[in-house]
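Structure, as structure tokens:
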There are 2 protein chains.
Amino acid sequence: MTYKKTDLFDKDLQRIAEVAKVMSHPARLAILRYLANCKTCISGDITNEIPLSRTTVSQHLQELKRVGLIHGEIDGLKVNYCLCNTCLDDIKKSFTLFLNEISISESIKC
Amino acid sequence: MTYKKTDLFDKDLQRIAEVAKVMSHPARLAILRYLANCKTCISGDITNEIPLSRTTVSQHLQELKRVGLIHGEIDGLKVNYCLCNTCLDDIKKSFTLFLNEISISESIKC
DNA sequence: TTTTTATGTCGTATGTTTGCGTCATTAAAC
DNA sequence: GTTTAATGACGCAAACATACGACATAAAAA
């Protein structure tokens, strides 16, 4: 494949798919949930919370960062991660919109 | 790996991850959107709508069926697919719940 | 200045997903 | 009964994801 097949679809579907993909691993969901509850958000704390190697957790954090769900701020040796509430709101909106869109026509049943 | 690492996480996170995974491809989202709009829902029609081979579309349909998002009903040679509104409602609920859960503590910011 | 600590990057092995051609099956049309 | 049509199952190749040990870097502690 010289180009990506996913490019053949609507941009909005591509974005929802991208976010869904990043939410498609329980470790990443667990990280999000932990970040929502903790105050400190230090990378090391997250690693201790997740039953995977430090390297793997770090990779998952990069993924979450890539789509904009979290931010990392360097503080000396440590890194403070936090949820991006703006991004979260956007995601909540587009997911809700899509799910409502596809279930709005209640009249049609098979 | 002799066991699945994903099993190390909470059952509810596993289910959300599973649903997110099935929503993580634009083709499958396009199928859902199409099914929401069309009245006929014949497999062949879906294939015509999606810019991928018949075989690939069929595979995506099986995935959607596997998590319960759609149902297929055989009608002679053809197969009528339709959205499962019950499943959709469940998914909407658990997604909304999770997204609200992780963004509810607005007070904590980095 | 040396050591320790927190973190990220790289390479790699293994597993999973995507995409498609070919074949098998079964119903309808002829 | 043959042929045609719609679909799913099988098998393969390429791409991508997951997981982790080993190495690199850079701040803090000793």
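Every chain is numbered from 1, with letters handed out A, B, ... down the list of sequences. Just the heavy atoms: all of them, side chains too, but no hydrogens, waters or symmetry mates, feed the values below.
- The base of D:dA17 is not paired with the side chain of A:Q59 by any donor and acceptor separated by under 3.5 Å.
- One finds no salt bridge joining B:E73 and B:K78 here, because no Lys/Arg side-chain nitrogen approaches an Asp/Glu carboxylate oxygen to under 4.0 Å.
- Within the 4.0 Å cut-off from OP1 or OP2 of D:dA15, not a single side-chain nitrogen or oxygen of A:K5 is found.
- Atom P of nucleotide C:dT17 and atom CG of B:L52 are separated by 17 Å, given to the nearest angstrom.
- Residues meeting the side chain to side chain contact (heavy atoms under 4.5 Å, CB included) test with B:K65, sequence neighbours left out: B:Q62, B:I70, B:Y81.
- Spacing between atom CD1 of A:I74 and atom P of D:dA26 amounts to 10 Å, rounded to whole angstrom units.
- Contact annotation: A:H60 reaches the phosphate of D:dA19 (side-chain N/O to OP1 or OP2, under 4.0 Å).
- Within residues 25-33 of chain B, the residues having any heavy atom closer than 4.0 Å to DNA chain C are, in order of number, B:H25, B:R28.
- Put simply, CG on A:L29 and NE2 on A:H60 are 10.5 Å apart, with the number rounded to the nearest 0.5 Å.
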Please list, pair by pair, any protein nitrogen or oxygen found under 3.5 Å from a nitrogen or oxygen in nucleotides 7-9 of chain D.
from	atom 1	to	atom 2	distance (Å)
D:dT7	OP1	B:G44	N	3.3
D:dT7	OP1	B:V79	N	3.4
D:dT7	OP2	B:G44	N	2.9
D:dG8	OP1	B:Y81	OH	2.3
D:dG8	OP2	B:S58	OG	3.4
D:dG8	N7	B:R54	NH1	3.2
D:dG8	O6	B:R54	NH2	2.9

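- Counted by atom type alone, B:S53 and B:T56 present one or more donor-acceptor pairs between their side chains at under 3.5 Å.
- At a threshold of 4.5 Å between side-chain heavy atoms, the hydrophobic network of Ile, Leu, Val, Met, Phe, Trp and Tyr places A:L97 and B:M23 in two separate groups.
- Distance CG/A:L69 to SG/A:C87: 4.5 Å, rounded to 0.5 Å.
- A:E73 places its CD atom 16 Å from the C1' atom of C:dA6, with the value rounded to the nearest Å.
- Phosphate proximity of D:dA19 to A:T56: absent, as no side-chain N or O sits under 4.0 Å from OP1 or OP2.
- Identified under the salt bridge (charged side-chain N to carboxylate O under 4.0 Å, His left out) test for residues 28-38 of chain A, with sequence neighbours left out: A:R33-B:D10, A:R33-B:D12, A:R33-B:E101.
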Give the table of side-chain donor-acceptor pairs shorter than 3.5 Å for residues 41-48 of chain B, with sequence neighbours excluded, one pair per line with atom names and distance.
from	atom 1	to	atom 2	distance (Å)
B:D45	OD2	B:T40	OG1	3.1
B:T47	OG1	B:S43	O	3.3
B:N48	ND2	B:G44	O	3.4

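- Atom NZ of B:K4 and atom P of C:dT14 are 17 Å apart (whole Å).
- Atom CG in B:D90 sits 11.0 Å away from atom CG in B:N85 (nearest 0.5 Å).
- Atoms CD and CD1, on B:E49 and B:I31 in that order, are 10.5 Å from each other to the nearest 0.5 Å.
- Checking A:G76 against A:P51, the closest nucleotide of DNA chain D that is more toward the 5' end is the one next to A:P51.
- Atom-to-atom, CG of B:D7 to P of D:dT18 comes out at 15 Å; the value is rounded to the nearest Å.
- Within residues 8-22 of chain B, the residues that have a heavy atom under 4.0 Å from DNA chain C are, in order of number, B:K21.
- Between A:R15 and A:E18 there is a salt bridge, with a side-chain nitrogen of the basic residue lying less than 4.0 Å from a carboxylate oxygen of the acidic one.
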